[in-house]
Amino acid sequence: MIELRDLCVDLGEFKLDEINLSVKKGEYIVIMGPSGAGKTLLLQTILGIVKPRKGRVIIDGRNATELPPEKRNLSYVPQNYALFPHMTVYDNIAFGLRIRGYKDLEIFSNVREVSEIMGIKYLLQRKPSKLSGGEQQRVALARALVVEPRALLLDEPLSALDKVIKSELQRFLKKIHSKIGFTAIHVTHDFLEASYLADRMAIMYDGKIVRAGTLDDIITYPRDRRVARFVGGENIYHGKIIGTKGGLTRVKIGELELFSIYNGRDETLVMIRPEDVYVHGKMGSMSAQNIFRGIVEEIEYRNSAYLVTFNVKGVLLRSVVTKQALEELSIAKGKKFTLSVKAAAVRIISS
Amino acid sequence: MIELRDLCVDLGEFKLDEINLSVKKGEYIVIMGPSGAGKTLLLQTILGIVKPRKGRVIIDGRNATELPPEKRNLSYVPQNYALFPHMTVYDNIAFGLRIRGYKDLEIFSNVREVSEIMGIKYLLQRKPSKLSGGEQQRVALARALVVEPRALLLDEPLSALDKVIKSELQRFLKKIHSKIGFTAIHVTHDFLEASYLADRMAIMYDGKIVRAGTLDDIITYPRDRRVARFVGGENIYHGKIIGTKGGLTRVKIGELELFSIYNGRDETLVMIRPEDVYVHGKMGSMSAQNIFRGIVEEIEYRNSAYLVTFNVKGVLLRSVVTKQALEELSIAKGKKFTLSVKAAAVRIISS
Amino acid sequence: KSKPSAITVFHAGSLTVPLQKIISMYPDKAVEIRLEGSGSVEAVRKITELGKRADILASADYRLIPKMMYPKYADWYVIFATNEIVLTYTNKSKYASEINEKNWPDIIMKGDVKLGFSDPNKDPCGYRSVITLLLSSKYYNKPLDQLLMNETNIKVKGMEAWVPDPIEIKGKGIVIRPKSVELLSLLEAGVLDYAFEYKSVAVQHRLKYMQLPPEINMGSPALAKVYSKVKVHIFSGSEKEKVLTGAPIAYGLTVTKVAENREQALKFIRFLLTKGLDVFKETGQPPVRPPLAYGNIPSEIKDVVKVNP
Amino acid sequence: MIQGFAALALLLISFIVVPLASLLLGTSSQEIVKYGLDSEALYALYIGISASIIATVLLIISGVPLAYLLTRRDFKGRDLIKALVDLPFVIPHGVAGIALLVAFNSRTPLGFILSNLGMKLEDSFWGIVSVMAFVSVPLMVDALIDGFSGVDTDLEHVARGLGASESETFWRITLPLASRSLVTGSLLSWARGMSEVGALLIVAYYPKSINVLIMERFWTYGLQVAKATAIPLLVISLTTFVLIRRFSGRR
Amino acid sequence: MIQGFAALALLLISFIVVPLASLLLGTSSQEIVKYGLDSEALYALYIGISASIIATVLLIISGVPLAYLLTRRDFKGRDLIKALVDLPFVIPHGVAGIALLVAFNSRTPLGFILSNLGMKLEDSFWGIVSVMAFVSVPLMVDALIDGFSGVDTDLEHVARGLGASESETFWRITLPLASRSLVTGSLLSWARGMSEVGALLIVAYYPKSINVLIMERFWTYGLQVAKATAIPLLVISLTTFVLIRRFSGRR
Ligand SMILES: Nc1ncnc2c1ncn2[C@@H]1O[C@H](COP(=O)(O)OP(=O)(O)OP(=O)(O)O)[C@@H](O)[C@H]1O
Ligand SMILES: Nc1ncnc2c1ncn2[C@@H]1O[C@H](COP(=O)(O)OP(=O)(O)OP(=O)(O)O)[C@@H](O)[C@H]1O
Ligand SMILES: [Mg+2]
Ligand SMILES: [Mg+2]
C-alpha cells in the first residue's frame with residue numbers, strides 16, 4: 001500500500017502541490033496528465049529520490065518519507081530507461097536478483113524467462129549502447145519486473161514500442177499483476193493502455209491531482225474541463241443553463257438547446273462523448289431526449305472507424321461511425337442527417 | 001529529394017539489407033516497423049553518422065554517401081532528443097540559426113515563435129536537465145524545425161507527448177510542411193499519426209523495407225503477413241484456397257468458407273479488417289458475398305467504439321461497433337448475430 | 001627501528017666515490033654503511049633543522065662543523081683530505097684544442113666563450129671560484145676581475161670582492177648555478193665551454209680539466225698565506241653580509257651527537273683515517289697525513305690524528 | 001559504508017593537512033613581510049606564476065588538439081602516442097631538465113633558431129616556461145582525453161545535422177562539455193609547473209622563480225626563512241583553488 | 001580545422017619526443033647492462049616501483065572515499081577541502097619533503113608511535129611511500145572527482161530502487177562507471193611518485209629508489225651513466241603505459 005499525504009515538492013519554478021493519493025495493496029493505478037504536469041516528479045518523490053518539502057509518503061503503513069530509496073522496495077522503470085551502460089543486457093536484468101542474493105542458476109532461468117516474454121532474448125549479451133530505443137525500454141521493464149516486486153513504478157514504460165509488442169506487453173503486465181498482485185503506479189499518455197490496465201486512474205495537471213477514480217467514473221463525471229478533454233471528450237462546449245423542464249436541466253450551446261440529467265448553474269462546460277452522438281437514417285422510435293438535424297462537415301478515418309463532424313446550428317458535433325454505417329446510411333460531406341443524444345450523455349462540468 | 005540505392009549497413013549482429021527508397025522533394029514519408037527493425041539506423045545512415053558498407057545515399061541528385069553530416073543539410077530529431085546539456089532551451093533552439101549566421105533579433109523572434117507553438121515558452125531559460133520527458137522532446141523538435149530545413153528526419157518525435165499536445169503538434173507539422181514544403185522522413189509507432197501525416201509509408205522489418213506505398217495501398221494490399229498485422233489487421237488467418245466460383249476465389253479458414261475477389265494459391269494468409277465485418281440485426285438486403293452467423297464472445301471498449309469478438313464456426317472474427325449499434329442491436333455476450341463481409345474485404349496475402 | 005649495525009653518513013656529494021671505495025674495502029661486512037650525498041650545507045641542515053639522524057657527517061668545508069653544529073650536534077672534527085679548483089671543459093668546448101696553463105685567462109675572456117661557476121652565496125665552490133679568479137688576475141696580470149665586473153654584479157677592488165645576493169648576470173659570457181654539479185649538465189650539453197669545479201669532480205666525471213698552478217688553486221695547505229690575501233664578501237649589501245677569507249680547501253668530518261651507532265661510526269672513521277686515506281689520492285682529493293683534529297676528540301681515534309687545540 | 005568512507009577520507013585529509021600545517025605554524029607576520037614579501041620574493045612569485053600560467057596556456061593550445069585527435073580519430077600508433085605523452089611524468093625531474101637542455105639549448109640547430117627568435121632556453125623566462133610545460137604535458141592531455149571521451153557523440157551528430165561543421169561542433173559542443181576536464185587539467189598543470197625545482201635548477205636558474213627561491217633559501221638560511229617565503233605562494237594557490245573549484249562547480 | 005589541430009598536436013608530440021630521444025640516443029647496450037642492470041640499479045628499480053605501486057594503492061583506498069564524499073555529499077567546507085587536496089601539488093618538492101619530515105619524523109609524538117609500529121618515516125621504505133603518496137594526492141583525487149561527477153545519478157537511483165544499498169550501488173554502478181578516471185588517476189599517481197626526487201632526498205634517501213639513484217649517478221659520474229641507468233625505467237614505463245592504455249581503451 002502506498003499513501004501520499006499532503007505531499008508538497010518544490011523544484012525550481014515547479015511545484016507538486018498538496019498531493020493526496022492512496023493506492024491499495026495490489027491496486028493498479030494509472031496516472032495521466034499533460035507533459036510537464038509533474039508525473040515523473042511524483043514517481044521520484046515516492047521513490048525517495050526527490051525530497052518533499054512537506055507531507056508524508058507512507059508505504060505499507062510505515063512512514064517512509066525519510067527512508068532511503070533502497071529501503072522502500074519499489075521497482076522503477078524510469079522514463080529515460082537508465083540502463084547500466086557498463087553491463088550487458090543480461091547483467092542489467094539480473095541486477096536486482098543478484099542484490100537479493102539469488103543463486104546463479106535461479107538468476108539464469110529468471111532472466112531467460114522474462115527476456116523471452118519481452119522479446120529481447122537475442123540481446124542478452126549486448127551492451128545497452130547497442131540497442132534500439134524500444135529494445136532499451138523492454139530491458140528496463142524486464143529489469144524491474146524480474147524481481148517480482150511488491151510495488152512497481154512505471155514511467156511511460158511502453159511509449160517506444162510498436163503496436164504489436166505494446167499490446168503483448170500490456171497483456172503480460174495485466175497477467176503478471178493478477179498473478180503476483182504487486183501494487184503499481186503507471187504513468188502513460190496512452191488512454192487505451194490506461195483503460196486496459198487501470199483499476200483506478202489519477203489525472204494530474206500543473207502539479208496537482210485534479211481527479212482520481214475508476215475509468216467509468218472519470219469518463220462519466222470528468223468534473224473538470226481539462227480532465228474532460230483528456231479522457232476523450234471531442235465535443236466540449238461553453239454552455240449556459242437556462243432552466244429546468246420535466247426534471248431535466250436545459251442548457252444552451254450557441255443556438256443549440258439540449259436537455260441533460262445533470263445539474264449546474266449559469267455558465268458551464270458541456271461535454272458530449274463522440275460515441276454518444278447517434279446518427280439515424282430515417283426517423284424511427286428514438287428514446288433520446290435530444291434530437292436534431294446536422295450537416296456532415298468532415299469525415300476522418302480514425303482507428304478502424306470514422307470520426308464524422310456534423311454542423312448543428314453552427315455547433316460542431318463529432319460522432320463515431322463505423323464503415324458499415326457510413327455505407328448503409330451513405331454518409332458523405334454536405335448531406336443532412338438526424339442525430340440524437342440522450343440526456344444522460346450531455347455532461348455538465350462545473351468547476 | 002532523398003534517394004537510397006541498394007544501401008547495406010553492417011552493425012554488429014544487425015544489418016540493413018539492400019534498402020531502396022526514394023523520397024521526392026517535399027514528400028512526407030512515414031516509416032513504421034517493430035522495435036529493432038532498423039528505423040533509427042536507417043535515419044542515421046541517411047544523416048551520415050553511420051557509414052554504409054555498400055550502396056548510395058543521393059540527396060538532391062548528388063551522391064552524398066561520402067559527404068560529412070553537416071554538408072547534407074538534414075535536420076534531425078533523434079529518438080533520445082540529444083539536447084545540448086550545457087545550453088539553455090533558448091540556446092538549444094537557437095543553435096542552428098546561430099550557425100547560419102542569423103542576427104540576434106531574428107533568432108529571438110524565430111525562437112519565440114516556434115516555442116510558443118510547442119508550448120515551451122516558459123522553459124526558454126532552463127537547462128535540459130530540468131525538463132520533463134515531453135518537454136525535452138518538444139525542444140528537440142523545435143530545434144530541428146526552427147531552421148526551416150529543406151529536409152527533416154524525425155525519430156518518434158511525438159512519442160512522449162500527451163494526446164492533446166500530440167495532435168496539436170501533428171497539425172502543426174502538417175501545416176508547416178505544406179507551407180515550407182520540406183522533405184520529411186518520420187519514424188513513428190503511432191498508426192494514427194502515420195495516417196494523418198504520411199504522403200507515403202514504408203514498413204520495415206528486420207533491416208528491410210518490406211512494403212512502401214500510400215496508406216490506402218498498404219491497408220488494402222499489405223502483401224505480407226507482418227505488414228498486415230501492422231496496419232491494423234486484427235483478423236488474420238491461415239487459409240487454404242479451394243477453388244474459384246463465379247470469378248471469385250474460394251478460401252477456407254478452419255470450417256469457415258469465404259469468397260474473395262483476390263487471387264492466390266494453396267496455403268495462404270487471409271486478412272479481414274475489423275471495420276469490414278458488418279453486424280446485422282435482422283436479415284435485410286445485403287450486398288455482401290459472405291454472410292454467416294456468429295456468437296458474441298467478448299466486448300472491449302476501444303477508443304470511443306467497441307471491438308466485438310464473434311465466434312463463427314470456431315473462427316474468431318473481430319468487428320468494430322459503435323455504442324449506438326451496441327444499444328440498438330442489444331449486442332451482448334452469448335447472443336447470436338448475422339455478420340457480413342464483402343468479397344473485396346477478404347484480402348489474400350501470399351508471401 | 002633501524003638495524004643497530006647500520007651507520008648513516010651524510011656527506012658532500014664529492015665524497016661519494018671515495019667513500020664507496022672505502023666501504024668496499026672495510027673488513028666488517030656485517031655493518032651496513034649508508035651514504036647520503038648532498039650539498040654540505042644541506043647535509044648539516046637535514047640534521048639540525050629537519051630532525052634526521054646521521055652517525056657521521058663529512059663536509060666539503062670543515063668550517064661548517066664548528067659554525068653550524070657546535071655545540072648541540074657536534075663538538076669535534078677532523079680534517080682529512082683536500083681538494084683544488086680546476087677548470088673543466090669538454091671536447092666540444094670552444095678553443096679546447098688550444099688551451100693551456102698559460103693562455104686560459106685569455107680564452108675565458110673571449111666574447112664567444114661561456115664560463116660557469118656556482119653561486120658564491122650558495123656554494124663554497126662558488127666563492128672559491130671567485131677567489132681563484134682574483135688570485136689569477138694578479139698571478140697572470142690579466143684583467144680577470146674586469147670579467148666579473150662586466151658580466152655580473154660582483155664588485156671587485158684589488159684583492160677584495162663583494163658578491164650581492166641575489167647575484168645577477170649582466171653579460172652572456174657567464175652562467176651561474178646554485179651548485180657546481182649543476183654546471184656539469186650544461187657542460188655536457190655543450191651550453192658551457194668552461195667551468196670551475198673541484199678537481200675531484202672533474203676526475204670522477206672523467207672530464208677534461210686544466211690543472212691550475214698551486215698559487216691559485218687553493219689546494220696546498222702550505223700556501224695558506226697566499227690564499228688568505230683574498231677576501232670575498234658574500235651577501236654583500238644585506239644584513240647577512242659575511243667576509244670569507246681565502247683558505248686551503250679541506251674536508252672535515254665528525255660523529256654527530258645524535259648518532260645512534262656511535263661505536264661503529266668511530267670504528268669506521270678510524271679505518272677511513274688510516275687505510276682509507278690512500279683512496280682519496282686516486283679521486284683527486286689529496287689526503288692530509290696525519291689528519292688534523294680539533295675540539296673534543298674521542299679517545300677511539302686520538303691515536304691516528306694530530307690533535308690541535 | 002559512509003562511516004568507513006568518512007574515516008578513510010579523514011585519514012587522507014590529515015595526511016595532507018598535518019604536514020602543511022606544521023610547516024606553516026610558528027611563522028610570524030614580520031617574517032612573512034620580511035622574507036615572503038621582499039622584492040626578490042615578489043619578483044620570483046611573479047616569474048613563477050606568470051611562467052606557469054603561460055606554460056598552461058601553451059599546453060591548452062597544443063594539448064586540446066592532441067587530445068581531440070587521440071579520442072576522435074582512429075590511427076595507427078595512437079596507443080603509443082598516448083603512452084609517450086605520459087613519459088615526461090615518470091622520469092626524474094632533473095633528468096627531464098637535462099633532456100630539454102640537450103635537445104633545445106641554444107647551440108643546437110633548433111635551439112639556435114629559437115634563441116635568435118628571442119626564445120633562448122638557458123637561463124631565460126622561456127626556459128622556465130618550457131620546463132613547466134614539459135613536466136605538465138601528461139596532466140593536461142590525460143585530463144582532456146578523459147573529458148572528450150565522456151562527451152556523447154550523439155550531441156555532435158545532431159549539431160552537425162543542424163549545419164555545424166566539425167570545427168563549429170568542436171567549439172560549441174565538444175569543448176564546452178569537456179570544460180570540467182579542461183579546468184582540472186589546467187589547474188593541475190599550473191600547480192605542477194609551479195612546484196618544479198629540480199629541472200629548473202638545470203635549465204633556467206635565472207630568472208629565479210619562486211620555488212627555486214624557496215629551496216635556495218632553505219639551503220642558505222634554513223627552514224624558518226624558507227617557510228616565510230613559501231607562505232604567500234600557498235595562500236595565493238589555496239585562494240585560486242577555492243575560487244576555481246567554486247566557480248567551475250557552479251556549472 | 002583538423003589540419004591545424006594535427007599541426008599543433010605534432011608540435012606537442014615533438015616537444016616531448018625530441019628531448020626524450022636526444023636523451024636516449026648514444027647509449028650503448030653494454031652501458032645499459034653495466035649501469036642500468038647492475039644489482040644496485042635493479043634493487044633501486046624494485047624499490048621505486050614497489051613503493052610507487054603501494055603509494056598508488058593507498059591513494060586509491062583513501063582517495064576513492066574522499067572523492068566520493070566530495071561529489072555525492074554536500075557539506076560545509078567542501079570547496080576548501082577540494083582546494084586543500086590540490087595544495088601538495090603546488091609546493092616545491094623539497095618543501096613537501098620538509099613538511100612531511102617536520103610533521104612525522106620519529107622525534108615527533110605521531111612519528112614516534114608510527115616508528116614503533118615499524119613505520120618510521122626517515123630513510124625507510126615507508127618514508128618513500130609517504131612521499132610518493134603525498135605528491136600524488138591531487139592527481140588521484142581530482143581524477144576521481146571528475147569521474148564520479150560524470151556518473152549519471154539516475155543510474156544510482158534505479159539501482160537503489162532495485163534494492164541495492166548505497167554501498168552496493170557504489171561498488172556495482174558508480175565505481176565501475178568511473179573506472180576510466182580511476183585508471184588515469186592511478187597511472188598518473190604512479191608515474192608522479194616514480195619521478196619524485198627532491199622530496200625523497202630529504203625524507204628517505206634510503207633505501208635508494210631508482211630516481212634518486214639516477215640523479216645521484218648523474219651528480220657523481222655524469223650524464224652518460226645516468227642515461228644508462230634511466231633506460232630500463234623508461235622502457236618499463238612506456239610498456240606499462242601502452243599496455244594499460246590499450247587494455248583500458250577496450251572498455
Ligand atoms: N530538476 C528540475 N528542476 C526544475 N524543474 C524541473 C526539474 N525537473 C523537472 N522540472 C519541471 O517540473 C515539471 C514537471 O516535470 P515532470 O518530469 O514531473 O513532468 P511529467 O509530468 O513527467 O511530464 P512528461 O509527460 O513530459 O514526462 C516540468 O515543468 C519540468 O520542467
Ligand atoms: N551500435 C550498435 N551495434 C550493434 N547493434 C546495434 C547498434 N545499434 C543498434 N543496433 C541493433 O540494430 C537493430 C536496429 O536498431 P534501430 O535502433 O535502428 O532500431 P529501431 O527500428 O529504431 O527500433 P526502435 O523502434 O526500438 O527504436 C537493433 O536490433 C539494435 O539492437
Ligand atoms: Mg515524465
Ligand atoms: Mg529507433
Side-chain angles (χ1 to χ4, degrees), chain B residues 40-41 43-51 59 64 67-88 91-102 127-129 136 139-155 157 185, chain D residues 60 63-65 67-76 78 140 143-187 243-251:
Chain B
T40 298
L41 208 55
L43 293 194
Q44 291 178 336
T45 312
I46 299 172
L47 210 68
I49 298 167
V50 173
K51 293 268 162 280
I59 297 175
L67 280 187
E70 76 270 20
K71 294 271 166 62
R72 302 188 181 198
N73 248 308
L74 304 167
S75 248
Y76 180 38
V77 179
Q79 197 167 3
N80 64 358
Y81 321 143
L83 299 180
F84 306 134
H86 58 305
M87 298 181 185
T88 59
D91 290 334
N92 263 279
I93 300 174
F95 184 86
L97 299 175
R98 293 228 168 92
I99 292 291
R100 282 164 175 72
Y102 278 51
K127 289 278 176 72
S129 62
Q136 288 178 44
V139 175
L141 189 57
R143 180 177 62 180
L145 285 174
V146 76
V147 298
E148 304 210 336
R150 282 190 300 144
L152 192 55
L153 307 186
L154 303 159
D155 201 349
I185 304 183
Chain D
I60 293 175
V64 162
Y68 180 78
L69 294 176
L70 286 174
T71 46
R72 287 294 186 273
R73 286 287 192 283
D74 214 347
F75 51 88
K76 245 173 136 179
R78 193 167 63 149
M140 181 64 82
L144 286 171
I145 286 178
D146 279 7
F148 289 148
S149 307
V151 174
D152 186 358
T153 49
D154 269 6
L155 299 175
E156 297 174 359
H157 297 326
V158 168
R160 299 190 67 182
L162 287 167
S165 64
E166 180 170 9
S167 118
E168 283 169 318
T169 305
F170 173 77
W171 292 111
R172 289 169 186 252
I173 309 295
T174 317
L175 191 60
L177 286 173
S179 64
R180 177 198 296 281
S181 299
L182 185 65
V183 169
T184 301
S186 306
L187 213 61
L243 290 179
I244 292 185
R245 289 281 172 209
R246 181 159 298 168
F247 169 77
S248 68
R250 281 273 157 69
R251 300 150 171 278

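Residue numbering restarts at 1 for every chain, and letters A, B, ... go by the order of the sequence lines. Keep in mind that the numbers below use all heavy atoms, side chains included, and drop hydrogens, waters and symmetry copies.
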Heavy-atom pairs under 4.5 Å with chain D, option from B:N73, B:L97, B:I49 with the top count: B:I49
Any sub-3.5 Å donor-acceptor pair from B:R143's side-chain atoms to B:S75's backbone N or O? no
Taking the six-membered ring of B:F84 (Phe, Tyr or Trp), confirm whether the NZ or CZ of D:R172 is under 6.0 Å from its centre and within 45° of its axis. no
Whatever's closer than 4.5 Å to a heavy atom in chain D on B:L83 counts as backbone
Is D:R72 salt-bridged to D:E166, cutoff N-O under 4.0 Å? no
Look at D:V158, D:I173, D:D154 and state which one has the largest set of heavy-atom pairs under 4.5 Å with chain B. D:I173
For B:D155 and B:T40, which I'm curious about, is there any donor-acceptor pair between the side chains at under 3.5 Å? yes
